[in-house]
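Every heavy atom of this structure was used, including side-chain atoms; hydrogens, water molecules and symmetry mates were not. First the proteins, then the strands, lettered A, B, ... as listed; each starts at 1. Fair warning: this is a prediction, and the values are worked out from it, not measured in the lab.
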Protein chains: 2
Amino acid sequence: MKWDALEEEPCSLARTVAVIGDRWSLLILRECFLRIRRFDDFQASLGITRHLLADRLKKLVRFGVLRKIPYQDAPKRYEYILTQKGLDLYPIIMSIVHWGNIHMVDSRGRPMLHQHKNCQKMFDPVMVCSECGEPLSAKEVHVHPGPGARKSSPVHARAQERGKRGVEQG
Amino acid sequence: MKWDALEEEPCSLARTVAVIGDRWSLLILRECFLRIRRFDDFQASLGITRHLLADRLKKLVRFGVLRKIPYQDAPKRYEYILTQKGLDLYPIIMSIVHWGNIHMVDSRGRPMLHQHKNCQKMFDPVMVCSECGEPLSAKEVHVHPGPGARKSSPVHARAQERGKRGVEQG
DNA sequence: ATTGACAGTTCTAAAATAGAACTTAATGTC
DNA sequence: GACATTAAGTTCTATTTTAGAACTGTCAAT
């Protein structure tokens, strides 16, 4: 499968993966949220090859996640900053960090702590339902085809069938 | 950079990216949450090459995200199901889907809708602070080094400095 | 005139991926 | 018994991506 094909799929996850679903893009975005904005700073802090960095930055700009703004004129130099679309990736970044905090830390503990300016406390992110405010888990959610869906796949129908009489998941 | 190096980094995001940060792993996990469990079903619904699928499933099992359980004996056949560690990826999946819903849908609208069994309503996921319950955004969070941190990088310090007197982000 | 900062581009070698065919083990059909 | 089918991989070659290092072009400072 090609990356371009991924963008076109009738699936919001696939389309997002087309933007951020590679080894480097998420790390670049982490640096963006840590206020890194310049080519050489990204390169130095990530150890990414310059070639790939140029490529990924171009892609993130193309998708409207980052924007190039000039910070000096002679020679022309640009900074890469997050657009609103890019800032909206924050829940993704935070949920990834949180999962790592819970499941991937070593004996030394968390590399980073997060403090909420609002309440001043160290916090973890919690995902809740927009309607009732209760925390969400996979088992409490039904999935329905939306207006942008394509015809349901036979594979999924078959799996659903087996699921009903099979072993319970988890 | 090698994948193995990523696992060892003192960063919860990098360590999580080592597990799920490639083109296919997230799509495979999407299928898991849609109750797909068998090799050929993953292959048919994703169009992934069998070689890569075998490789990625092995990796996800190695990281404890999936578990192989036998569903028949002769010949031995296994299903891949999510462990608790895997189920805990749900907020990541949902926030990725939500971002796609907001920023990547075409004119036809969302491919999928999510209904909360609790309140019966169609919902969007919202990320809130575990302490005060308020919705989170990047600008409302301070980052501090935790017990597992390594010495702070000069690049980040420099970027912080520039940030204070530079253009505001966003 | 030389050095250094910055933001890339170019080059070759190594690694990962795509796409298709093949393997193994058992089951069902003619 | 011979033959096709299902399932879960493995093997093969060709193509694409990535790594790693060196190079380019502008300008400023020494």
Side-chain angles (χ1 to χ4, degrees), chain A residues 1-6 9 14 17-18 20-28 31-32 36-62 66-81 154-155 158-159 161-162 166, chain B residues 1-6 17-18 20-28 31-32 36-62 66-81 154-155 158-159 161-162 166:
Chain A
M1 185 188 279
K2 305 285 161 51
W3 280 102
D4 303 6
L6 215 50
E9 284 217 9
V17 166
I20 60 163
D22 68 277
R23 194 180 345 194
W24 286 115
S25 295
L26 280 166
L27 292 167
I28 290 170
E31 295 304 301
C32 291
I36 298 291
R37 297 171 183 183
R38 300 185 183 180
F39 192 92
D40 276 20
D41 285 349
F42 284 112
Q43 207 276 319
S45 80
L46 290 172
I48 185 176
T49 63
R50 307 178 72 75
H51 183 101
L52 269 205
L53 177 58
D55 192 76
R56 290 296 184 274
L57 288 173
K58 210 169 284 175
K59 183 174 117 180
L60 291 170
V61 168
R62 178 163 56 82
L66 297 178
R67 187 172 37 195
K68 271 172 94 154
I69 62 168
Y71 70 89
Q72 72 174 40
D73 264 350
K76 271 278 189 203
R77 292 281 186 257
Y78 296 90
E79 291 187 323
Y80 295 88
I81 69 159
V155 175
R158 195 144 46 87
E161 268 316 299
R162 272 204 298 264
Chain B
M1 186 189 277
K2 304 287 161 50
W3 280 103
D4 303 6
L6 215 50
V17 166
I20 60 163
D22 67 277
R23 193 175 349 191
W24 287 115
S25 295
L26 281 166
L27 292 167
I28 290 170
E31 296 304 301
C32 291
I36 298 290
R37 297 171 182 181
R38 298 186 184 179
F39 192 92
D40 277 18
D41 286 349
F42 283 113
Q43 207 276 317
S45 80
L46 289 172
I48 184 176
T49 63
R50 307 178 72 78
H51 182 100
L52 269 205
L53 177 58
D55 191 76
R56 290 297 184 274
L57 288 173
K58 209 170 282 175
K59 184 174 117 180
L60 291 170
V61 168
R62 179 163 56 83
L66 297 179
R67 188 172 35 194
K68 271 171 93 154
I69 62 166
Y71 70 88
Q72 71 175 40
D73 263 350
K76 271 279 190 205
R77 294 280 184 254
Y78 297 90
E79 290 186 323
Y80 294 87
I81 69 160
V155 175
R158 194 145 46 86
E161 268 317 299
R162 274 202 297 264

Can you tell me how far apart CG (B:Leu57) and CZ (B:Arg62) are? Round to the nearest 0.5 Å. 12.5 Å
Given the rule in the side chain to side chain contact (heavy atoms under 4.5 Å, CB included) test, do A:Leu27 and B:Leu6 qualify, once you have shown the distances and angles that lead to the verdict? CA-CA 10 Å; A:Leu27 292 167; B:Leu6 215 50; 3.7 Å; yes
Any donor-acceptor pair under 3.5 Å linking the side chain of B:Ser25 with the backbone of B:Gly21? no
Is there a donor-acceptor pair closer than 3.5 Å between any side-chain N or O of A:Gln43 and the backbone N or O of A:Leu46? no
With side chain to side chain contact (heavy atoms under 4.5 Å, CB included) as the test, would you mind laying out the steps for B:Asp55 and B:Lys59 before giving the verdict? CA-CA 6 Å; B:Asp55 191 76; B:Lys59 184 174 117 180; 5.5 Å; no
I need the residues from residues 49-56 of chain A with at least one non-hydrogen atom less than 4.0 Å from DNA chain D; give them sorted by number, or say none. A:Thr49, A:Arg50, A:Leu52, A:Arg56
Between B:Arg23 and A:Asp22, does any side-chain N to carboxylate O distance fall below 4.0 Å? no
Whole angstroms only, please: what is the [atom1]-[atom2] distance between [X] and [N]?
{"X": "B:Gln43", "N": "C:dA18", "atom1": "CD", "atom2": "P", "answer": "12 Å"}
{"X": "A:Ile48", "N": "D:dA21", "atom1": "CD1", "atom2": "P", "answer": "15 Å"}
{"X": "B:Phe42", "N": "D:dA7", "atom1": "CZ", "atom2": "P", "answer": "14 Å"}
{"X": "B:Phe39", "N": "C:dT23", "atom1": "CZ", "atom2": "C1'", "answer": "13 Å"}
{"X": "B:Leu6", "N": "C:dA15", "atom1": "CG", "atom2": "P", "answer": "18 Å"}
{"X": "A:Lys59", "N": "D:dT17", "atom1": "NZ", "atom2": "C1'", "answer": "12 Å"}
{"X": "A:Ile69", "N": "C:dA7", "atom1": "CD1", "atom2": "P", "answer": "13 Å"}

Show, in sequence, the C-alpha distance, side-chain angles and deciding distance for B:Tyr80 and B:Val61, and conclude whether the side chain to side chain contact (heavy atoms under 4.5 Å, CB included) test is met. CA-CA 8 Å; B:Tyr80 294 87; B:Val61 168; 4.0 Å; yes
Please encode protein proximity along nucleotides 24-30 of chain D as a string of B, S and -, counting only heavy-atom distances under 4.0 Å. -BBS---
Check this one for me: any side-chain N or O of B:Tyr80 less than 4.0 Å away from OP1 or OP2 of D:dA7? no
Side-chain N or O of A:Lys68 versus OP1/OP2 of C:dG8: is the shortest distance under 4.0 Å? yes
If you find the nucleotide of DNA chain C closest to A:Arg23 and the one closest to A:Tyr78, which residue's nucleotide is nearer the 5' end? A:Tyr78
Residue whose nearest DNA chain C nucleotide is more 5′ - B:Arg158 or A:Lys58: B:Arg158
Residue A:Trp24, side-chain atoms from C-beta onward, closest of C:dG8, D:dA19, D:dA7: D:dA19
Applying a 4.0 Å non-hydrogen cut-off, can you work out what B:Tyr71 is touching in the nucleic acid: base, sugar-phosphate, or nothing? sugar-phosphate
Which is it for A:Tyr71 and A:Arg38 under the side chain to side chain contact (heavy atoms under 4.5 Å, CB included) test, yes or no, and what are the steps along the way? CA-CA 10 Å; A:Tyr71 70 89; A:Arg38 300 185 183 180; 3.4 Å; yes
Decide yes or no for B:Tyr78 and B:Ile69: does some side-chain heavy atom of the first lie under 4.5 Å from some side-chain heavy atom of the second? no
